[in-house]
There are 2 protein chains.
Amino acid sequence: MFIFAENSAMLDKSHKYVSCETCQVRKDSLFSSFCTEEVHQLDENKVCSFYRKNQPLFVEGTFSRGVYCINDGKVKIFTIGESGKEQIIHIAKEGDVVGFKAMFSDDPYKLSATTLEESNICFIKKEDFLSHLESNPGLLQTVLKELSKELGERAVFIKNMAQKSVRERLATILLILDGVYKDEMINLSREDLANFVGTATETIIRLLKEFKEEQLIEIHVRKIEILDRKKLLREAGS
Amino acid sequence: MFIFAENSAMLDKSHKYVSCETCQVRKDSLFSSFCTEEVHQLDENKVCSFYRKNQPLFVEGTFSRGVYCINDGKVKIFTIGESGKEQIIHIAKEGDVVGFKAMFSDDPYKLSATTLEESNICFIKKEDFLSHLESNPGLLQTVLKELSKELGERAVFIKNMAQKSVRERLATILLILDGVYKDEMINLSREDLANFVGTATETIIRLLKEFKEEQLIEIHVRKIEILDRKKLLREAGS
DNA sequence: CTGAAAAACTGATAAAAATCATGTTTTTTG
DNA sequence: CAAAAAACATGATTTTTATCAGTTTTTCAG
C-alpha cells in the first residue's frame, strides 16, 4: 500500500511539496541572489500549482497578473500567426521564471505560455514581484541582464530564420533543445518542432530521418536522442 | 556669398549646434522625463558628433562604452551571418537611443550599428548613463518598458520570418519604414531592404516592380513613396 | 564633365521547401 | 480492451524563392 502511494507520488507531481527555501532550482533562477528573509517572503506569498500537459499559463492578449516560476517541467512560449499556426519563440525549463517581461509595460501579453509536460509551477503576484524588484537592486540587475540576453537571442533567432536553410535551423534547434532537456531525451511532437524551426511538419519528419541515417541522432518512437553534438553543430552552420 | 554659406550649412549637418535643452527630439526619447537639472547634466557630459553615411557607431564583438542618442539621421542595427550577409534587425531614427541594451550584461555587442545617411549623434558615457539610471526611477521605468517593447517586436519579427511569404514581409517592412521615414520618402538601397526582409536583392527588385504596377507604391529612382497604406497593410497579411 | 564603379534591373534556370493525398503507427479514452 | 483520434510517415507535385549571368542606369571621384 505504502509502496504504491510512494510510486504514485513520484509520478504524480501534484503531491510534491515545494518550499522556496529548499527549492533546488532557485539557485540558478532570477531569485538566486535572495537572502533568507527574502526567500521566506517569497515562500509565504507564492502559490504553487500542478499543471497537466498542455495547460496554458497565460494567453496572448490578456493582462499580466504575476510571474511563473517553473519548479519542474517544460513550458513553450509562442505566438499564434494569422493562419492559426504557432511560432515557438522559446522553451522554458526548471528554474526559469516566465512572464515577467509583460509586467513592465501596461500592454497585454504578446506571447502565450503552455506546459509541454506535467509541471510544478509557482505563481508570484505582480505586486509582490515588483516590490521585491524595488527593494532588491541585485534582482533588478539580474532582470536587466536577462532582458538584454533574450534580446540578443532573438536577434540571432531572426538571423537564423532569414539566412539558414531548414536543415541548418533544425540542427540549431536540436542543439538548443539538447540544453533544455539536458540528460533526458528531447520529447517534443513533430508539430511543435516544426513550429519552433519554422517549417512544415512533413519537412521535419524527413529531415529527422536524414539525421538518423547520418547517425547524428537516434529516434526512440518520438523521443530524440542526440548522438553526435559535434557533427550536429557543423550541420547547424555556425 | 552668404546665401551659399547658408545653403551649405543646411545640407551639412556637421555645423549644427545641438543642446539637450533645446533638442526637439529629446521630448519623445528615453530622456523625456528628465528635469532641468538632469538635462543640464546630460548636456555637460555628452559628446555630439557628425557622422557621414555608412559610418559605424559600434561593431558586434566589441564592448560598450556608452549609448548613442540620435539627434538627426537614421541608423541600421544589424548582425552579420556566416556568409557575410547582414540581417537588419531594426532601423533607428531621430530621438532613438541606441546601444543601451548591451550595457546591462558584461558581454560584447551582439549587433552592429551603422548610419544610413548623414547624421548628428550624441554619445553619453556608460558611467554617466548608469548614474542617471540609478538616480532616476523614471528613466529605469522607461528603459524596462523599452526593453519589454523590443522583445515583443522581435517575437513578431520571428513569427513573420517563419510564417509569411517574402511578398507579405516586404509589405510589412515597407509599412515599418513608412513610420521611420515619416514625411520623407523611404531611402534604402535594395540590398539593405533585402537584408531587412530576409531575402535576395533580385527578389526585392521584382516585388517592388509588382507593387508599383499595382499602384501600392511609386519609385523615384531609388526612393520609395507609399501610395496606398491600406492595400499595403492587406498585402502584409495582418 | 567624364569614365569607372556601384547599384539597379532582367531573364533563365535550379533548388528548396510547401502542399496535397494517403497510409501507418501510436496514444488516448470510453 | 477496442475503437477513435492523434501523431507520424511517405510519395508525388507545385510553388516559391535563390542563384547565376548578364544589361542598363545611377553615382561619384578626379
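By convention in this document, chain letters (A, B, ...) are assigned in the order of the sequence lines, proteins followed by strands, and residues within each chain are numbered from 1.
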Q) If you round to the nearest 0.5 Å, how far is CD of B:Glu82 from NZ of A:Lys164? A) 6.5 Å
Q | salt_bridge(A:Lys223, A:Glu184) N-O dist < 4.0 Å | A | no
Q: Give the first and the last nucleotide of DNA chain C, reading 5' to 3', that has any atom under 4.0 Å from a heavy atom of chain B.
A: C:dA8 to C:dA12
Q.
From CG of A:Asn195 over to P of D:dC8, roughly how many Å is that when rounded to an integer?
A. 12 Å
Q | Rounded to 10 degrees, the angle between the two terminal axes of the helix from C:dC1-D:dG30 to C:dG30-D:dC1, each from five pairs | A | 60°
Q: Only counting residues at least two apart or in another chain, list the ones meeting salt bridge (Lys or Arg N to Asp or Glu O under 4.0 Å) with B:Lys125.
A: B:Asp128
Q) When you match A:Glu202 and A:Ala162 each to their closest nucleotide on DNA chain D, which lands nearer the 5' end? A) A:Glu202
Q. Rounded to the nearest 0.5 Å, how far apart are CD1 of B:Ile204 and CZ of B:Arg169?
A. 8.5 Å
Q: Let me know the distance between NE2 of A:His220 and P of D:dC8, rounded to the nearest Å.
A: 16 Å
Q. Atom CZ of A:Arg190 and atom C1' of D:dT10: how far apart are they, to the nearest Å?
A. 14 Å
Q: Would you check, one step at a time, whether the test side chain to side chain donor-acceptor pair (under 3.5 Å) holds for A:Lys101 with A:Ser64?
A: CA-CA 9 Å; A:Lys101 291 78 140 189; A:Ser64 170; over 6 Å; no
Q: Check B:His90 against B:Asp96 and note the closest heavy-atom contact, atom names and distance.
A: NE2-OD2, 4.4 Å
Q. Taking only residues two or more places apart in sequence or in another chain, which ones pass salt bridge (Lys or Arg N to Asp or Glu O under 4.0 Å) with A:Asp107?
A. A:Lys110
**Q.** Geometric cation-pi criterion, B:Lys74 with B:Tyr181: 6.0 Å, 45°
**A.** yes
Q | Separation of atom CG in A:Asp192 from atom P in D:dA6, rounded to whole Å | A | 15 Å
Q: State whether A:Glu118 and A:Arg52 are salt-bridged, where the test is any N-O pair (Lys NZ or Arg NE/NH1/NH2 against Asp/Glu carboxylate O) under 4.0 Å.
A: no
Q: Answer yes or no: side-chain N or O of A:Glu191 and base N or O of D:dC8 forming a donor-acceptor pair under 3.5 Å.
A: no
**Q.** Side-chain N or O of A:Thr201 closer than 4.0 Å to phosphate OP1/OP2 of D:dC8
**A.** no
Q.
Ring-plane angle category for A:Tyr68 and A:Phe58, please: parallel below 30°, perpendicular beyond 60°, tilted otherwise.
A. tilted
Q | Near-strand residues of residues 203-218 of chain B, defined as heavy-atom separation under 4.0 angstrom from DNA chain C | A | B:Ile205, B:Arg206, B:Lys209
Show each protein N/O and nucleotides 26-29 of chain D N/O combination with a separation under 3.5 Å, one pair to a line.
none

Q) Less than 4.0 Å between a side-chain N and a carboxylate O, is that true for B:Lys159 and A:Glu60? A) no
Q: For the pair A:Glu150 and A:Arg154, find out whether any cationic side-chain nitrogen is under 4.0 Å from an anionic carboxylate oxygen.
A: yes
(Q) Once rounded to the nearest 0.5 Å, what's the spacing between atom CD1 of A:Ile88 and atom CG of A:Leu111? (A) 11.5 Å
